[in-house]
Number of protein chains: 2
Amino acid sequence: MIERRPTQVDVAREAGVSRQTVSLVTRDDPRVSDHSRHAVLAAMEKLGYRPNVAARALAAHRTGFVGISLSDLVNPFHGELIELIRCHCEAQGLVPFIAPVGQDAADEKVAIERLLEMNVDGLILISPMADDESLDRIGSQVPTVVVTRNAGPDSVDLVHTDDRAGARAVVGELMASGYRPVVYLGVDRPVSGDSSRARIEGYRSILAEAGYEPRVEMVSPGEVGRALGRVVQEFGNGFGLCCHNDLIALEAIGHLEVFGLRPGRDVGVTGFDNSGISGYPGIQLTTVDQSTAAMARRAVDLLSERMGGRAEPVDVVMPARLVTRATSGRTGYLR
Amino acid sequence: MIERRPTQVDVAREAGVSRQTVSLVTRDDPRVSDHSRHAVLAAMEKLGYRPNVAARALAAHRTGFVGISLSDLVNPFHGELIELIRCHCEAQGLVPFIAPVGQDAADEKVAIERLLEMNVDGLILISPMADDESLDRIGSQVPTVVVTRNAGPDSVDLVHTDDRAGARAVVGELMASGYRPVVYLGVDRPVSGDSSRARIEGYRSILAEAGYEPRVEMVSPGEVGRALGRVVQEFGNGFGLCCHNDLIALEAIGHLEVFGLRPGRDVGVTGFDNSGISGYPGIQLTTVDQSTAAMARRAVDLLSERMGGRAEPVDVVMPARLVTRATSGRTGYLR
DNA sequence: GTGAAAGCGCTAACAA
DNA sequence: TTGTTAGCGCTTTCAC
């Protein structure tokens, strides 16, 4: 039922040339006569020849593969990012593969290890949980770009949004709309250089400047209710809720409605990521846009450069853009 | 900066054994003395040895890789499914990789082609767009399981939910709550055996039994507004909206609120997938549960069996379970 | 422009 | 239990 795959030998026999000529054709080498090339291509087509990547990798010491590690597949922001990265990889002749990561840093390590085992030429790590030492080990083995982190070892490049500024922007917006106090609802990711930390830092800084005490509630996705209950109990209404990302904000909005609190009216709510759903009518979440497309492009470009031999680390900071919608209260009440 | 990776030769020298012994240890072969095994493992650890998968694939004619093709990374249902598939692959000693697919069938073909090139031992295709002929070509090259489709060639196995029954259940629920007419809001995927078709068929069948005319509106994600506008214009309120999946339902709910229509009260709305967000308080979407965990497990099991030599096609139908929440109106109005 | 030869790092059958 | 011997399918000098 499952037949043997044709090899270059089969193609060569079919085309009436030597096997080496076939190899040259696959690599687009110019020193093949038009006639031979044509015969080879026709034979490949006829036989359904597909190069054996394992053999090529073994002989050529490269694969053209780019490994992508991605933990949170449920976050639509990541989905958008991956699709854009894929497009830019295509354009650069790189072949992207995703290793699904499980829950924790240990799972992530396994996933990255596997990408290394399959001889990827480069690595794009999206919101990795690994510590700097692990990142350094990885980066010194293969060109690596880390996306959404603002710090890391010199062996990797960094692409991230100005999370601090983004957080300051949304918190500023909530305060300008009159919400007090502004509470931060975040995820607990004790990873150096992680976006969650930068956002909290931005939140703290702008509150400090305005002379307010910070109040940070750490939650896991899916468990926003309890934390929010505490906040409602303590402050009633009129407070602002600066959420780590759009998903948490959506969950918070759901809980607020149960408490009878209308987002953008009784309570100000903001997210982060400007993911597709945040702009839906009926949701209209005020959030921060991360210029996802530019991030994706820069990440792939940096990787190409690293693969091309650059050794000095590069850190690209993308602008954070406030997207003001209904949930922060100033553009008209929706609900 | 980037040092050469150690090979079995290096490990053998370090451990003071022959290279072949190292090979045996990597394959967990029992006929190695405890002493040698220990020395080899220590040497591997010390050198940071990692097997070269390309070389292994070339020699052993298998990789242990399972390729997963996945078009819609933004749909959280797919994210959940992938994570479950990953877990079961681990348990079976299989290594999952995802090839990100672009927008259309041509992109998908490229992505699957790449998985084949990297010598995956098996393929799990999630909601593929390929036609039956393409699927047959794929399935006759490598063991393949197609998830979420109810028809396909004999060379592939099928795992899918009873979409017809699921659609009948939600439409029945909407009608029992008194919504008339019940409109279907679906995506246009002209793929044989696709879940979208089965759901529409279920919708039509139950409407026909009750003596109503069907009304199917096809939309693309992100463009629900226009179609919904037509429906509202025509029927005012009191109608039911059976949406192809939760994402579309959420988008529809957003638009309904702009029209001043409250889901579960003025209009009945249902989704499909029972994805995490559908149960959020404040959303409370009536939907259909697809027993995602069981689907994932069966898919991986079927793949193992195929890889083990089974040639007869298997078609597994998972039960569709109605999850009644607020948006279909009978469990108390939320909004 | 084409062919010959060597070898990438590993597995697998067999012999010792 | 360990070593020997062939390759797997391809790229890459280097001659021709």
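In the text below, chain A, chain B and the rest are named by the order of the sequence lines, each starting its count at 1. Because only heavy atoms are used, hydrogens play no part in the values below, and waters and symmetry mates are left out as well, while side chains stay in.
Where DNA chain D meets chain B (any atom under 4.0 Å from a heavy atom), the bounding nucleotides read 5' to 3' are D/dT1 to D/dG9. From the 5' end on, the contacts that DNA chain C makes with chain B at under 4.0 Å to a non-hydrogen atom open and close at C/dG9 to C/dA12.
Residue contacts shown for B/Ser23 include a base, since a base heavy atom lies under 4.0 Å away.
Checking A/Ser127 against A/Thr148 by side-chain atom types alone, a donor-acceptor pair falls below 3.5 Å.
For B/Ala294, the side chain to side chain contact (heavy atoms under 4.5 Å, CB included) partners are B/Ser291, B/Met318, not counting sequence neighbours. By the salt bridge (Lys or Arg N to Asp or Glu O under 4.0 Å) test, B/Arg189 pairs with B/Asp194, sequence neighbours left out. By the side chain to side chain donor-acceptor pair (under 3.5 Å) test, B/Asp154 pairs with no residue at all, sequence neighbours left out.
Remark: nothing in residues 31-44 of chain B comes within less than 4.0 Å of DNA chain C through any heavy atom. At a non-hydrogen distance threshold of 4.0 Å, B/Ala59, B/His61 from residues 59-67 of chain B come into contact with DNA chain D. For the contact set between residues 9-19 of chain A and DNA chain D, defined by any heavy atom under 4.0 Å, the members are A/Arg19.
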For a side chain to side chain donor-acceptor pair (under 3.5 Å) check, start with the C-alpha distance between B/Ser304 and B/Asp301, then their side-chain angles and the critical distance, and finish with the verdict.
CA-CA 5 Å; B/Ser304 292; B/Asp301 287 348; 5.3 Å; no
Check: residues 34-47 of chain B side-chain donor-acceptor pairs under 3.5 Å, at least two apart:
from, atom 1, to, atom 2, distance (Å)
B/Ser36, OG, B/Ser33, OG, 2.9
B/Arg37, NH2, B/Asp29, O, 2.9
B/Lys46, NZ, B/Glu14, OE2, 2.8

Cut-off 3.5 Å, no hydrogens considered: what does the side-chain donor-acceptor table look like for residues 76-88 of chain B, sequence neighbours left out?
from, atom 1, to, atom 2, distance (Å)
B/His78, ND1, B/Asp72, O, 2.9
B/Glu80, OE2, B/Gly276, N, 3.1
B/Glu83, OE1, B/Arg86, NE, 3.1
B/Glu83, OE2, A/Gln103, NE2, 3.0
B/Glu83, OE2, B/Arg86, NH2, 3.0
B/Arg86, NH1, B/Glu90, OE2, 3.1
B/His88, ND1, B/Leu84, O, 3.0

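Atom-to-atom distance recorded for A/Arg114:CZ and B/Phe97:CZ is 7.0 Å, nearest 0.5 angstrom.
The side-chain hydrogen bond (donor to acceptor under 3.5 Å, both in side chains) pairs that include a residue from residues 51-61 of chain A are A/Asn52-B/Asn119, where partners are two or more places apart or lie in different chains.
An angle of 30°, rounded to 10°, separates the two end axes of the helix from C/dG1-D/dC16 to C/dA16-D/dT1, each defined over five pairs.
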